[in-house]
Amino acid sequence: MKRLTIIALLMMLAAGCSHVAPPGEVMKKGCGPYPEQYEAMLMDFLSSQLSCPDSLKDVSFPKTPAKTILDADYPFIPLFKGHAVWECYIVYDAKNRNGVYTGKSLHVAWIRHNRIVAYDYKDIDLDYAIKNRIHNKYEPL
């Protein structure tokens with residue numbers, strides 16, 4: 001009986017941990033309206049992520065947000081093949097932790113429903129995402 005209880009608990013744990021939203025669940029909502037404030041969104045994101053945010057210089061946006069359909073699965077974000085995102089590019093130079101400028105570099109941001117969901121094809125910092133959702137930053141008026 002004890003062994004059966006342990007097996008049942010382990011199966012429930014495995015079932016609970018293995019759930020990933022089905023692709024159709026997120027895709028129905030689309031990527032939201034055009035992110036009018038994408039420059040402010042990215043600058044705010046960089047100010048919270050860079051080692052020396054005051055050193056940010058030579059900022060440019062070579063590609064304004066364009067709707068892109070993903071051609072691969074990104075379950076860790078979670079986005080899947082066929083989902084739409086607003087993709088935009090940003091180029092900047094900033095100092096690293098050692099106080100040395102790294103040189104201009106190109107970065108990619110994905111935006112959905114006026115929120116940055118991925119930066120350089122990686123999930124963004126959870127604390128930043130929660131802070132922006134709580135304060136409704138960049139919500140459309």
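Here the structure is a predicted model, which is why all the values come from computation and not from measurement.
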Working to the nearest 0.5 Å, report the span between [atom1] of [X] and [atom2] of [Y].
| X | Y | atom1 | atom2 | answer |
| --- | --- | --- | --- | --- |
| I116 | C88 | CD1 | SG | 7.5 Å |
| D71 | H83 | CG | NE2 | 13.0 Å |
| Q37 | E39 | CD | CD | 10.5 Å |
| L56 | K95 | CG | NZ | 12.0 Å |

Let me check something: any side-chain donor-acceptor pairs from residues 59-69 under 3.5 Å, sequence neighbours excluded? List them with distances.
| residue | atom | partner | partner atom | Å |
| --- | --- | --- | --- | --- |
| K63 | NZ | E87 | OE1 | 3.1 |
| T68 | OG1 | A66 | O | 3.3 |

If I compare all heavy atoms of D58 with all of K104, which pair ends up nearest, and what's the gap? CB-CE, 3.4 Å

Is there a ring-ring contact (aromatic ring centres under 6.0 Å, His included) between W86 and Y38 once you walk through the steps? CA-CA 10 Å; W86 292 103; Y38 71 95; 10.0 Å; no

Would a 4.5 Å heavy-atom cut-off, applied to side chains only, mark [X] and [Y] as touching?
| X | Y | result |
| --- | --- | --- |
| V91 | S105 | no |
| I90 | L46 | yes |
| V85 | I111 | no |

Side-chain donor or acceptor of [X] paired with backbone N/O of [Y] under 3.5 Å:
| X | Y | value |
| --- | --- | --- |
| D93 | K57 | no |
| T102 | A94 | yes |
| R112 | A84 | yes |
| N96 | G99 | yes |

Residue that, paired with H107, satisfies ring-ring contact (aromatic ring centres under 6.0 Å, His included) out of F45, Y92, Y89: Y92

For side chain to side chain contact (heavy atoms under 4.5 Å, CB included), just list the numbers for Y119 and V108, CA-CA rounded to whole Å, side-chain angles, deciding distance to a tenth of an Å, and then say yes or no. CA-CA 6 Å; Y119 186 77; V108 180; over 6 Å; no

Got a sec, which residues hit side-chain contact (heavy atoms from CB on, under 4.5 Å) with A118, two or more places apart in sequence or on another chain? I77, W110

